[in-house]
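Both ligands and their constituent atoms are indexed starting at 1 by order of listing.
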Amino acid sequence: MDAVKIIENALKEGRKYLMEHEAKSICQQYGMSVTRFKVAKDLNEALNYAKEIGYPVVFKIVSPDIIHKSDVGGVIVNIKNEEEAINAYKRIMENIARNKPDARIVGILVQEMAPAGLEVIVGAIKDPQFGHTVMFGLGGIFVEILKDVTFRITPLTIEDAMEMIREIKGYPLLKGYRGQPPADENTIIDIIMKTSKLLTDFPQISQLDLNPIFVYEKGAKIVDARIILE
Ligand code: ADP
Ligand code: MG
């Protein structure tokens with residue numbers, strides 16, 4: 001479905017929160033690389049999609065009422081075969097029944113397991129006065145504890161994106177550190193620029209989170225995406 005339709009659809013259903021598969025579809029339409037995914041409506045479909053995508057896969061709960069999926073036991077990674085997939089499916093459904101019993105369940109998001117990479121975050125919030133601000137930082141403790149992040153107001157220039165990447169304290173980690181390969185800076189710049197474009201096209205986005213993005217020596221993959229509308 002096209003980005004405009006996805007957003008219209010959500011608003012028509014009275015939702016401000018776009019689920020991961022919806023947010024990732026929009027990112028894909030802007031040319032960003034996301035983990036391959038399909039929404040399964042039952043166990044049987046989940047097993048078929050897992051085979052189609054190829055093990056190892058990740059299962060995630062799909063619900064308009066669940067924003068932080070792993071907080072309620074709604075994410076299981078590294079599912080290696082059909083037996084593990086059956087167990088993971090059951091476990092997620094049990095976790096949701098226990099932790100979020102009122103949640104409406106759309107199904108299970110089956111996706112490729114992305115190889116480990118350097119974790120970064122691209123985010124955005126809308127300020128009533130200044131419009132959208134884009135945030136960039138390294139993932140995990142760098143954002144949560146060290147608050148090593150940087151901001152720019154949209155629309156961003158390519159120079160803005162380059163500066164953002166280079167001005168965080170953790171930049172040496174991106175450059176490659178103690179034998180770690182360097183991360184693909186151009187791909188990060190590309191994701192930041194495409195995010196800026198997406199935000200200018202859709203002023204009704206109040207919050208966006210691409211968290212985490214795994215960055216490799218060549219290319220990157222958006223592993224989780226969230227969009228909130230005004
Ligand atoms: P949440 O809604 O809790 O933020 P995420 O989709 O971000 O859920 O999943 C939680 C964590 O699981 C991620 O931060 C990442 O470490 C891991 N993960 C999720 N999806 C994948 C994937 N496709 N490949 C590899 N790891 C993943
Ligand atoms: Mg996440």
First locate atom NZ of Lys24, then atom CD1 of Ile222, and finally report the distance between them rounded to the nearest 0.5 Å. 8.5 Å

Residue-level breakdown please: for Glu112 versus ligand 1, do any non-hydrogen atoms fall below 4.0 Å on the side chain, on the backbone, on both, or on neither? backbone

Would you check the N or O atoms of Ala114, main chain and side chain alike, for any that come under 3.5 Å of an N or O of ligand 1? yes

Value rounded to 0.5 Å, distance of CD in Glu163 from CD1 in Ile168: 13.5 Å

Would atom 11 (C) of ligand 1 count as contacted, meaning some protein heavy atom under 4.0 Å? no

N or O contact, Lys60 vs ligand 1, cut-off under 3.5 Å: yes

Please determine which of Glu230, Gln207, Gln204 meets the side chain to side chain donor-acceptor pair (under 3.5 Å) test together with Lys126. Glu230

So NZ of Lys60 and CD1 of Ile108: to nearest 0.5 Å the spacing works out to 11.5 Å

Minimum distance, heavy atoms only, to atom 23 (N) of ligand 1: which one of His68, Arg226, Gln111 is it? Gln111

Non-hydrogen atoms of Lys221 versus ligand 1: any pair closer than 4.0 Å? no

Taking 4.0 angstrom as the limit and counting only heavy atoms of Asn211, give me the atoms of ligand 1 inside it, by number and element. 7 (O)

If you define the side chain from C-beta out and look only at heavy atoms, does anything of Met164 sit under 4.5 Å from Leu156? yes

Check the side chains of Thr187 and Asp190 for a donor-acceptor pair under 3.5 angstrom, ignoring hydrogens and angles. no

Please say whether Glu119 places an N or O atom under 3.5 Å from an N or O atom belonging to ligand 1. no

Salt-bridged, Lys38 to Glu45, with N to O below 4.0 Å? no

d(Asp42 CG, Met93 CE) to nearest 0.5 Å is 9.0 Å

Return yes when Ile67 approaches ligand 1 closer than 4.0 angstrom through a heavy atom, no otherwise. yes

Best match, Ile53, Ile61, Val75: closest heavy atom to atom 9 (O) of ligand 1: Val75

shortest atom 7 (O) of ligand 1-to-protein heavy-atom contact is with Asp224 OD2, 2.9 Å

In total, how many protein N/O/S atoms does one find closer than 2.8 Å to the Mg ion (ligand 2)? 2

About how many Å separate CD1 of Ile7 and CG of Asp201, when rounded to the nearest 0.5 Å? 9.5 Å

Please report the shortest heavy-atom distance between Glu84 and Asn78, naming the atom on each side. OE1-O, 3.6 Å

Decide, yes or no, whether a salt bridge links Arg152 with Glu167 under the criterion of side-chain N to carboxylate O below 4.0 Å. yes

Give the atoms of ligand 1, by number and element, whose distance to some non-hydrogen atom of Val77 is under 4.0 Å. 12 (O), 17 (C), 18 (N), 27 (C)

Are Glu52 and Arg36 close enough for a salt bridge, meaning some N to O gap below 4.0 Å? yes

